[in-house]
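Just below is one structure, and these are the notes that go with it.
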Amino acid sequence: MEEENYEQNNQVALKIGLIGDSQIGKTSLMVKYVEGSFDEDYIQTLGVNFMDKKIQIRNTIITFSIWDLGGQKEFINMLPLVSNDAVAILFMFDLTRKSTLNSIKEWYRQVRGFNKTAIPFLVGTKYDHFIDLSFQDQIEITQQAKKFGNAMKAPIIFCSTSHSINVQKIFKIILSKAFDLKLNLDEIINVGEPILIFK
Amino acid sequence: MKSKNELLSQYKEEIFGDSEGMEFQNDVETLKINQLNLSNNNSPSFQITAKQQINSPTSKASSGKRITKETLSEYSDDTSLTDFISESEFEWGDQFNKNQNIYQQMNQKLIERKRAQQQQAEKELEQYETMRNKKLVDPNQTLKLKDFNKLTNQNLSFLDQLESEKTINYEYTKDDFDEFQDGFEDLDKKLHKSSLPSLNLHKSLKKFHSMNLSGPKYNDQVINKLNRIPSFYNKEKLEKYKENEVQHNHKSKIKNITKLSSPISSSKMRFDSKNLRWEGNEEDLYRFNKPNFISKNELNHVSKNQNMIFDNNTRKWININEEEDDELFNIPDLKISSPPKKSQSMRGLSQYTQRTTSTNSISEYESKDDFRLSSRLVDKFNKEELKIDKKISHWFQGAIEYKNDYYWEIRKMVMNE
């Protein structure tokens, strides 16, 4: 009990869950944010990966505990490990594979079955490949993502891990949502640009 | 009627010229539209429409102009991927009392947030239940034939003795309580299989390669020219949004759990080990098919007018008594029959040019007059057809004669309507 009190008084930890189909870049995003590195090669996540990152703001140290669930179906029995107690869940999809956006509905249902208190985020990955798509595809995917984000009441962010676009911003928006802080950051809403809708 | 080249030249400035504020490096030769060989016969069928704003309203950061090097600084993210976040990025207000333990206050804030989320979820569930119950008394429910006495090994002989021609052993029942997937067990399995990739599918990730122009086949001048066109490889755009990064030179700190020591149980969710999915919480799928729920809290921020409320977020009026599906929120899946097409890189053409042309092929912007042909054109088609028919009629002896006059009849019928 005392230990619990001590933790309550001397640290803040935010558990973040990364969810989505396989090969969309969940682990890459986590490693990029925590270690600043990016590896083009794909290494399949077997089970659940997790990493901690401490950040300092206003002389306060906040620990992000990031949990990443292997996207393969065989690991879905471990979903509660990632979703339970999470403050925010990043529902992630690959901006160049429409099927991964379609899957979000199912991921959302299953995750929310375990945790309805987590703040949902809709995160599109591989923005650097997305801009190579035809503009018509870009419009279709962006509009669908906006509809999903609206239905989920979730901020929408398009990011590129390899090019360091909107990676850090995801975690800043998490902070602002978790602690009701206004974030001084402009939204990006135009098709073709790295979408950032969070207000 | 203007020719395509005329139309293109009309919009030339918008595509290439100074009007987009593009600032090229010195000695850069810009391709002009008249340098391109765009013949009417070979070019794809696209249509140039008037200057239209297809983008959504512009954000503060984006002035609505195309992104250029000049406006790049507006987007540049000067924060580095670091362990420190500047407090000026957030407005703290009176959120936290400096005289009290900050960690305690922050943890308190997290608990409050959690509570608010929980209340929101409960409210939404309540609204969902209310809507579902209303649906259940809908007079337009479907009826289906249901066996009164289902035959089993036990009752077979018994029923044989009792049944006569007048025996009624069926009734029409409402099927609204049945699960949609009832009777589709196999289908469900198949459908689910395709929704998530299986282990067999895992292959190494395809790496993106831009066009490889190196090698003796191409001369350096072409490569240099292409490289000087700012958006040719989208480099400019990617650079623009790049967050500065700091590489940490230490070993990866990834921790991993590969197996559960014991199965996780949940009061609400049930694990279907056969189909590898968690079952339950179907009500959360409802939000993808219905207008967003509006909580009491949110209602305070909307204007009311009898049964209609104005939602400030979506900027539209919603009838609170209406049960109709809202098409906007009735989100069908994206069709994935073919993978998204990469934009065709026309050598020497700026990315913006490609964008500009492709936007015009979007159906929602197509004019309704596309299929209205002038009588002169129709006559011309008729003549061409007769000419070709005449030319090829003796090519194949004994070939089946094609009668396609009815096409014209159909057209006439449609046009007369």
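Small disclaimer: the values here were computed from a predicted structure and weren't measured. Order of the sequence lines sets the chain letters (A, B, ...), proteins ahead of strands, with each chain counted from 1.
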Would you mind checking which part of B:Lys114 comes under 4.5 Å of any heavy atom in chain A, side chain (CB onward), backbone (N, CA, C, O), both or neither? both
Region of A:Ile61 in contact with chain B, defined by heavy-atom distances below 4.5 Å: both
Measure distances from A:Gln144 to the heavy atoms of chain B and classify the residue's part below 4.5 Å as side chain, backbone, both or neither. side chain
Given heavy-atom pairs under 4.5 angstrom as the criterion, report whether the side chain, backbone, both or neither of A:Val48 touches chain B. both
Atom CD in A:Glu74, atom CG in B:Leu276: separation rounded to 0.5 Å? 8.0 Å
Can you say whether A:Thr27 sits under 4.5 Å from chain B via the side chain, the backbone, both, or neither, judging by heavy atoms? side chain
Given 3.5 Å as the limit, does a donor-acceptor pair link the side chain of B:Trp278 with the main chain of A:Val111, or not? no
For the NZ atom of A:Lys147 and the CZ atom of B:Phe288, what is their distance to the nearest 0.5 Å? 13.0 Å
For A:Ser160, is it the side chain, the backbone, both, or neither that has a heavy atom closer than 4.5 Å to a heavy atom of chain B? neither
Would a line drawn from the ring center of B:Phe90 to the ring center of A:Phe179 be shorter than 6.0 Å? no
B:Glu89 versus A:Lys172, closest heavy-atom pair with distance: OE1-NZ, 2.6 Å
Does the side chain of B:Glu283 reach to within under 4.5 Å of the side chain of A:Arg112, using non-hydrogen atoms? no
Say you draw a straight line from CH2 of A:Trp67 to CD1 of B:Ile257; how long is it, rounded to the nearest 0.5 Å? 4.5 Å
Heavy-atom proximity to chain B below 4.5 Å, by part of A:Leu101: side chain
What distance separates B:Leu334 CG from A:Arg97 CZ, expressed to the nearest 0.5 Å? 14.0 Å
Straight-line distance of B:Asn275 CG to A:Lys73 NZ, nearest 0.5 Å: 6.0 Å
Leading residue by heavy atom contact count with chain B [cutoff under 4.5 Å; candidates A:Leu185, A:Val87, A:Thr100, A:Leu81]: A:Leu81
Can you tell which part of A:Ile43 gets under 4.5 Å to a heavy atom of chain B, answering side chain, backbone, both or neither? neither
Any donor and acceptor pair, going by atom type alone, linking the side chain of B:Arg113 with main-chain N or O of A:Lys177 inside 3.5 Å? yes
How close do B:Leu110 and A:Ala13 get, heavy atom to heavy atom, and via which atoms? CD1-O, 4.1 Å
Honestly, the part of A:Phe171 sitting under 4.5 Å from a heavy atom of chain B is neither
Please check: side-chain N/O of B:Asn256 versus main-chain N/O of A:Phe50, any donor-acceptor pairing under 3.5 Å? no
N/O donor-acceptor pair under 3.5 Å between B:Asn107 side chain and A:Gln11 backbone: yes
Name each donor-acceptor pair under 3.5 Å that joins a side chain in residues 115-122 of chain A to protein atoms two or more places apart or in another chain, with its distance.
{"residue": "A:Asn115", "atom": "OD1", "partner": "A:Thr117", "partner atom": "N", "Å": "2.8"}
{"residue": "A:Asn115", "atom": "OD1", "partner": "A:Thr117", "partner atom": "OG1", "Å": "2.9"}
{"residue": "A:Asn115", "atom": "OD1", "partner": "A:Ala118", "partner atom": "N", "Å": "2.9"}
{"residue": "A:Asn115", "atom": "ND2", "partner": "A:Ser83", "partner atom": "O", "Å": "2.7"}
{"residue": "A:Asn115", "atom": "ND2", "partner": "A:Ala86", "partner atom": "O", "Å": "3.1"}
{"residue": "A:Lys116", "atom": "NZ", "partner": "B:Asn281", "partner atom": "OD1", "Å": "2.7"}
{"residue": "A:Lys116", "atom": "NZ", "partner": "B:Asp284", "partner atom": "OD2", "Å": "2.9"}

Measuring heavy-atom distances to chain B, does A:Asp180 have an atom under 4.5 Å in its side chain, in its backbone, in both, or in neither? both
Could you tell me whether B:Arg115 atom CZ has more than 12 heavy atoms of other residues or ligands within 6.0 Å of it? no
Of all heavy-atom pairs between B:Leu260 and A:Met78, which one has the smallest distance, and what is that distance? CG-CG, 3.7 Å
Atom pair NZ/CG of B:Lys253 and A:Asp52 - distance to nearest 0.5 Å: 7.5 Å
Heavy atoms only, distances under 4.5 angstrom: which of B:Lys255, B:Gln117, B:Met269 has the most pairs with chain A? Name it, please. B:Lys255
Heavy-atom pair count under 4.5 Å with chain A, highest-scoring of B:Gln119, B:Gln118, B:Met106, B:Glu122: B:Met106
Between A:Asn77 and B:Pro263 (side chain of the first, backbone of the second, donor and acceptor by atom type, cut-off under 3.5 Å), is there such a pair? no
Is the backbone N or O of A:Thr60 less than 3.5 Å from a side-chain atom of B:Tyr103, with the two atoms forming a donor-acceptor pair by type? no
